[in-house]
Peer 1: 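Pasting a structure here, questions to come.
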Amino acid sequence: MVSKNKKNLSLRALEPSDIDFLFDIENDTNLWKYSNRSTPYSKHLLLDYIKNSSKDIFESRQIKFAIADSKNVPLGFIDLYDFEPIHRRAAIGLVVDYSYRSTGIGSVSLDLIEIYAKKQLFLNQLYANIAAENKPSINLFKKHKFIETGKKVKWNFYDENFHDEYIFQKIILVKKYFLQ
């Protein structure tokens with residue numbers, strides 16, 4: 001569990017009790033365009049995913065945390081994926097339930113995942129791929145000092161059109177965590 005913040009939020013491992021919330025988020029067709037999905041997940045498949053989520057990030061190359069409040073209720077999810085231990089980098093995926101957006105939960109979650117990435121994984125950088133029209137996400141990552149380093153033109157096809165996608169990166173390695 002990763003915590004220490006003003007909102008009493010934590011990043012915790014997925015629990016079987018998260019299944020309904022995970023099912024709703026993963027099968028929200030409005031979000032598929034951002035995750036390159038076009039088919040729903042079954043509860044059975046997601047329960048298997050939860051069961052296997054205890055695999056080490058060095059084995060699976062990804063880790064998903066539930067963003068939980070002080071009562072352990074999930075409010076969203078944050079992932080590290082495309083983890084490359086040799087190059088010390090990982091991509092971030094973040095989704096907050098609609099009812100909790102614009103409340104600072106995404107911001108605290110980014111702070112917490114950065115702490116985890118530094119102290120536990122000794123990563124040099126985090127990055128995010130963000131759809132050009134996803135202004136709230138772009139603003140959130142910019143607020144956290146991620147820098148736009150690239151634009152993939154007409155990269156994803158959805159809503160009957162091709163859409164650009166930006167790459168945002170942040171160098172996070174702090175030498176005191178790395179070379180002691």
Side-chain angles (χ1 to χ4, degrees), residues 1-3 7 9-85 89-103 105-110 112-113 116-117 120-121 123 126-138 140-141 152 154-168:
M1 183 182 301
V2 181
S3 59
K7 290 195 174 284
L9 296 176
S10 63
L11 303 184
R12 63 162 174 78
L14 299 179
E15 300 287 345
S17 60
D18 296 330
I19 187 61
D20 290 331
F21 185 62
L22 182 62
F23 181 81
D24 289 344
I25 294 283
E26 292 291 350
N27 290 313
D28 182 344
T29 57
N30 294 315
L31 299 175
W32 285 359
K33 60 187 171 190
Y34 301 127
S35 63
N36 298 320
R37 296 228 17 100
S38 60
T39 58
Y41 286 112
S42 69
K43 281 192 178 180
H44 175 76
L45 185 68
L46 291 173
L47 280 169
D48 281 347
Y49 176 78
I50 291 172
K51 191 183 305 180
N52 291 314
S53 67
S54 63
K55 287 184 179 178
D56 189 83
I57 188 172
F58 288 89
E59 178 184 352
S60 65
R61 300 289 196 243
Q62 65 180 357
I63 189 166
K64 181 186 287 285
F65 293 101
I67 303 164
D69 66 12
S70 60
K71 296 178 183 169
N72 212 24
V73 174
L75 310 174
F77 298 102
I78 192 164
D79 309 61
L80 292 178
Y81 66 97
D82 289 345
F83 172 60
E84 292 290 343
R89 67 176 178 243
I92 296 177
L94 171 64
V95 63
V96 175
D97 185 71
Y98 291 107
S99 57
Y100 299 107
R101 291 185 183 169
S102 300
T103 63
I105 291 170
S107 189
V108 171
S109 300
L110 277 179
L112 293 175
I113 202 70
Y116 175 81
Q120 301 302 315
L121 302 175
L123 294 185
L126 296 170
Y127 68 95
N129 298 304
I130 305 174
E133 74 274 5
N134 191 344
K135 301 299 182 205
S137 287
I138 290 171
L140 175 64
F141 280 82
K152 298 181 258 183
K154 297 184 185 256
W155 192 252
N156 294 313
F157 184 81
Y158 51 84
D159 298 338
E160 306 290 324
N161 281 304
F162 285 94
H163 297 262
D164 297 344
E165 183 174 270
Y166 292 107
I167 303 166
F168 283 85

Peer 1: Classify the ring geometry of F77 against F21: parallel below 30°, tilted from 30° to 60°, perpendicular beyond 60°.
Peer 2: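 If you compare the ring of F77 with that of F21, the planes turn out tilted.
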Peer 1: Is the distance between the ring centroids of Y158 and H163 under 6.0 Å?
Peer 2: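 Centroid distance Y158-H163: below 6.0 Å, so yes.
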Peer 1: Does a donor on one side chain and an acceptor on the other come within less than 3.5 Å for N129 and K152?
Peer 2: yes
Peer 1: To the nearest 0.5 Å, what is the distance between CD1 on I25 and CG on D18?
Peer 2: 11.0 Å
Peer 1: Is the closest side-chain heavy-atom distance between I92 and F141 below 4.5 Å?
Peer 2: yes
Peer 1: Going by side-chain hydrogen bond (donor to acceptor under 3.5 Å, both in side chains), Y41 matches just one of R37, H44, K43. Which one?
Peer 2: R37
Peer 1: For residues 67-81, pull every pair meeting salt bridge (Lys or Arg N to Asp or Glu O under 4.0 Å), keeping only residues two or more places apart or in separate chains.
Peer 2: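 Of all non-adjacent pairs touching residues 67-81, those that pass salt bridge (Lys or Arg N to Asp or Glu O under 4.0 Å) are K64-D79.
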Peer 1: Mind checking ring pair (Phe, Tyr, Trp, His ring centres under 6.0 Å) for Y49 and listing every partner two or more places apart, or none if nothing turns up?
Peer 2: none
Peer 1: Which value, rounded to the nearest 0.5 Å, describes the distance between I78 atom CD1 and I63 atom CD1?
Peer 2: 11.5 Å
Peer 1: How long is the span from the CD1 atom in I50 to the CG atom in L14, to the nearest 0.5 Å?
Peer 2: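 Rounded to the nearest 0.5 Å, the CD1-CG separation comes to 5.5 Å.
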Peer 1: Does D164 use its side chain to pair, donor to acceptor, with the backbone of K154 at less than 3.5 Å?
Peer 2: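 Side chain of D164 to backbone of K154: a pair is present.
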Peer 1: For K51, look at atom NZ and say whether over 12 heavy atoms of other residues, nucleotides or ligands are found less than 6.0 Å away.
Peer 2: no
Peer 1: Let me see the working for D159 and K33 under salt bridge (Lys or Arg N to Asp or Glu O under 4.0 Å), right down to the final yes or no.
Peer 2: CA-CA 8 Å; D159 298 338; K33 60 187 171 190; 3.3 Å; yes
Peer 1: To the nearest 0.5 Å, how far apart are OG in S109 and CG in L75?
Peer 2: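 Reported value, rounded in 0.5 Å steps: 8.0 Å.
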Peer 1: Is any side-chain heavy atom of I57 less than 4.5 Å from a side-chain heavy atom of Q120?
Peer 2: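 With C-beta onward as the side chain, the pair stays apart.
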Peer 1: Donor-acceptor pair, distance only, cut-off 3.5 Å: does the side chain of S60 make one with the backbone of Q62?
Peer 2: yes
Peer 1: So which heavy atom on L112 is nearest to which on S10, and how close?
Peer 2: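 It is CD1-CA, 4.2 Å.
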Peer 1: For F23, check ring pair (Phe, Tyr, Trp, His ring centres under 6.0 Å) against everything at least two apart and list the hits.
Peer 2: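 Ring pair (Phe, Tyr, Trp, His ring centres under 6.0 Å) check on F23 returns nothing, list empty.
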Peer 1: Would you call I130 and Y34 a side-chain contact if the rule is heavy atoms closer than 4.5 Å?
Peer 2: no
Peer 1: Hey, are the side chains of I67 and P74 touching, using non-hydrogen atoms and a 4.5 Å cut-off?
Peer 2: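 No, side chains not in contact.
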Peer 1: Please tell me whether Y116 and F65 form a close aromatic pair, meaning their ring centres lie under 6.0 Å apart.
Peer 2: yes
Peer 1: How many angstroms lie between CG in L22 and OG in S17, if you round to the nearest 0.5 Å?
Peer 2: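 One gets 11.0 Å once the value is rounded to the nearest 0.5 Å.
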Peer 1: Is the backbone N or O of Y166 less than 3.5 Å from a side-chain atom of W155, with the two atoms forming a donor-acceptor pair by type?
Peer 2: no
Peer 1: Measuring only between side-chain heavy atoms, which start at C-beta, is F83 closer than 4.5 Å to L80?
Peer 2: no
Peer 1: Could you check if a side-chain atom of L140 sits within less than 4.5 angstrom of a side-chain atom of S107, using non-hydrogen atoms only?
Peer 2: yes
Peer 1: Assess whether a salt bridge exists between E84 and R89, defined as any Lys/Arg side-chain N lying under 4.0 Å from an Asp/Glu carboxylate O.
Peer 2: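 No.
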Peer 1: Would you say the side chain of D82 lies within less than 4.5 Å of the side chain of Y127, judging by non-hydrogen atoms?
Peer 2: yes
Peer 1: Is it the case that T103 and R101 place a side-chain donor and acceptor less than 3.5 Å from each other?
Peer 2: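 Checked: T103/R101 side chains show no N/O donor-acceptor pair below 3.5 Å.
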Peer 1: Would you compute the distance between atom OG of S53 and atom CG of D48 and round it to the nearest 0.5 angstrom?
Peer 2: 11.0 Å
Peer 1: Looking at P85 and F58, what are the two nearest heavy atoms and their distance?
Peer 2: CB-CE2, 3.6 Å
Peer 1: Step by step, would you call V96 with L94 a side chain to side chain contact (heavy atoms under 4.5 Å, CB included)?
Peer 2: CA-CA 7 Å; V96 175; L94 171 64; 4.3 Å; yes
